[in-house]
Amino acid sequence: MKQAIFIARIFSIVFRPSYYPTVGTLILLSFTFLNQFPWVFKLWILSLVYVFTFCLPALSVYLYRRAHGWSAQELRKRHKRVMPYIINICSYLCLMHILSVTHMPHFMTAIIGISLLIQCACVVLNIWWKVSMHAAGSGGVIGALIAYADIFGFNPVWWLSLAIFISGCVMTSRMVLRQHTLAQVLGGTIIGIACGIIGTILM
């Protein structure tokens with residue numbers, strides 16, 4: 001049992017929702033026509049995404065938590081998760097504005113848009129029902145893969161198989177750690193898939 005909990009914690013740390021925009025951007029910079037840009041430019045874009053989707057939100061949430069004298073465990077309570085979500089959303093909106101004014105391709109902005117849609121959906125649902133952001137993030141990858149396969153015309157079967165496997169592991173890890181129920185992780189995954197498809201198409 002201890003080994004299962006240890007593995008579940010590793011999956012929860014490695015596949016944090018805040019990492020997905022950076023990883024997605026790295027993939028696009030490596031496997032699309034964007035790989036022709038100078039490495040300095042690609043590093044700047046990657047750093048920009050990492051700062052606005054991970055560093056700034058993490059620091060802001062930490063300062064918010066310290067200001068209220070809350071422990072990290074207390075932020076897991078449903079009614080205390082709203083403000084961290086809002087902080088993340090504001091940071092993502094700022095990043096989308098920067099990418100827009102610098103005329104980045106729409107399919108790159110879509111990665112940030114997908115994460116933004118997922119967070120907005122979770123904020124609204126969180127008012128009545130706690131859903132898993134980890135599961136929603138992994139579901140977003142599945143949805144985005146489906147949409148990007150249509151846009152770029154590639155066969156997504158192997159990538160989808162990997163994404164679905166990882167999503168299942170993430171969902172299981174959240175239940176093993178007793179952070180969410182089966183319904184909450186399934187609900188999060190469905191939200192993520194829908195946002196992944198819609199976000200990629202609309203952006």
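Everything numeric in this text was worked out from a predicted model, so none of it was measured.
The two residues Val176 and Ala4 come nearest to each other via the heavy atoms CG1-O, 4.0 Å. The shortest non-hydrogen separation linking Pro57 to Asn88 is CB-OD1, 3.2 Å. Between Ser12 and Arg174 the shortest heavy-atom distance is OG-NH1, 3.1 Å. For Lys130 against Gln179, the heavy-atom pair with the smallest separation is NZ-O, 3.3 Å. Scanning all heavy atoms of the two residues, the minimum distance from Val141 to Ala163 falls at CG1-CB, 4.1 Å. Nearest heavy-atom pair across Gly143 and Ile197 is O-CG1, 3.4 Å.
Leu95 pairs by the side chain to side chain contact (heavy atoms under 4.5 Å, CB included) definition with Leu48, Val49, Phe52, Thr53, Leu99, Ile112, not counting sequence neighbours. Legend: residues meeting ring-ring contact (aromatic ring centres under 6.0 Å, His included) with Phe11, ordered by chain and number and at least two apart, are Phe15. Taking the side chain to side chain contact (heavy atoms under 4.5 Å, CB included) definition, one finds that Ala147 meets it with Thr200, sequence neighbours left out. Phe6 meets the ring-ring contact (aromatic ring centres under 6.0 Å, His included) test with no other residue; sequence neighbours excluded. Shown here are the side chain to side chain contact (heavy atoms under 4.5 Å, CB included) partners of Ser100, two or more places apart in sequence or in another chain: there are none. Under the rule for a ring-ring contact (aromatic ring centres under 6.0 Å, His included), the partners of Phe41 that lie at least two apart in sequence or sit in another chain are Phe37. In this structure, the ring-ring contact (aromatic ring centres under 6.0 Å, His included) partners of Tyr50, at least two apart in sequence or on a different chain, are Phe54. Residues satisfying the side chain to side chain contact (heavy atoms under 4.5 Å, CB included) test with Val123, not counting sequence neighbours, are Tyr85, Ile89.
Sorted by first then second residue, the side chain to side chain donor-acceptor pair (under 3.5 Å) pairs that include residues 138-155, not counting sequence neighbours, are Ser138-Ser167.
The cluster map of Ile, Leu, Val, Met, Phe, Trp and Tyr, joined by side-chain heavy atoms under 4.5 Å apart, puts Leu43 and Val40 in the same cluster. Taking hydrophobic clusters as Ile, Leu, Val, Met, Phe, Trp and Tyr residues chained together by side-chain heavy-atom distances below 4.5 Å, Ile114 does not share a cluster with Tyr19. Met108 and Phe33 fall within the same hydrophobic cluster, where Ile, Leu, Val, Met, Phe, Trp and Tyr residues are linked whenever their side-chain heavy atoms come under 4.5 Å apart, directly or through other members. Ile118 and Ile190 fall into different hydrophobic clusters, where Ile, Leu, Val, Met, Phe, Trp and Tyr residues are linked whenever their side-chain heavy atoms come under 4.5 Å apart, directly or through other members.
In this structure, CG on Leu125 lies 11.5 Å from SG on Cys120, to the nearest 0.5 angstrom. Note: Ile45 CD1 to Thr25 OG1 = 8.5 Å, rounded to the nearest 0.5 Å. In this structure, Leu56 CG and Ser60 OG are separated by 6.0 Å, a value rounded to the nearest 0.5 Å. Between Ile98 atom CD1 and Thr109 atom OG1 the span is 11.5 Å, to the nearest 0.5 Å. Taking CG of Leu116 as the reference point, atom OG of Ser91 lies at 10.0 Å (rounded to 0.5 Å). With rounding to the nearest 0.5 Å, the separation of CD1 in Ile164 from OG1 in Thr189 is 10.5 Å.
Leu46 has its side chain out of reach of Lys42: every pair of non-hydrogen atoms, C-beta onward, lies at least 4.5 Å apart. In this structure, the side chains of Trp129 and Val131 come closer than 4.5 Å at one or more pairs of heavy atoms. Two residues are said to be in side-chain contact when any heavy atoms from C-beta on lie closer than 4.5 Å; Asn35 and Ser30 fail this criterion. Contact annotation: the side chain of Met133 approaches that of Gln119 to within less than 4.5 Å [non-hydrogen atoms, C-beta and beyond].
Clustering of Ile, Leu, Val, Met, Phe, Trp and Tyr side chains at separations under 4.5 Å places Leu182 together with Met171, Met175, Val185, Leu186. The hydrophobic cluster containing Leu63 also includes Leu59, Tyr62, under a criterion of side-chain heavy atoms closer than 4.5 Å among ILVMFWY residues, counted directly or through chains of members. Val23 belongs to a hydrophobic cluster whose other members, connected by ILVMFWY side-chain contacts under 4.5 Å either directly or through intermediates, are Ile27, Phe31.
When only modelled atom types and interatomic distance are considered, Ser173 and Arg9 share no side-chain donor-acceptor pair under 3.5 Å.
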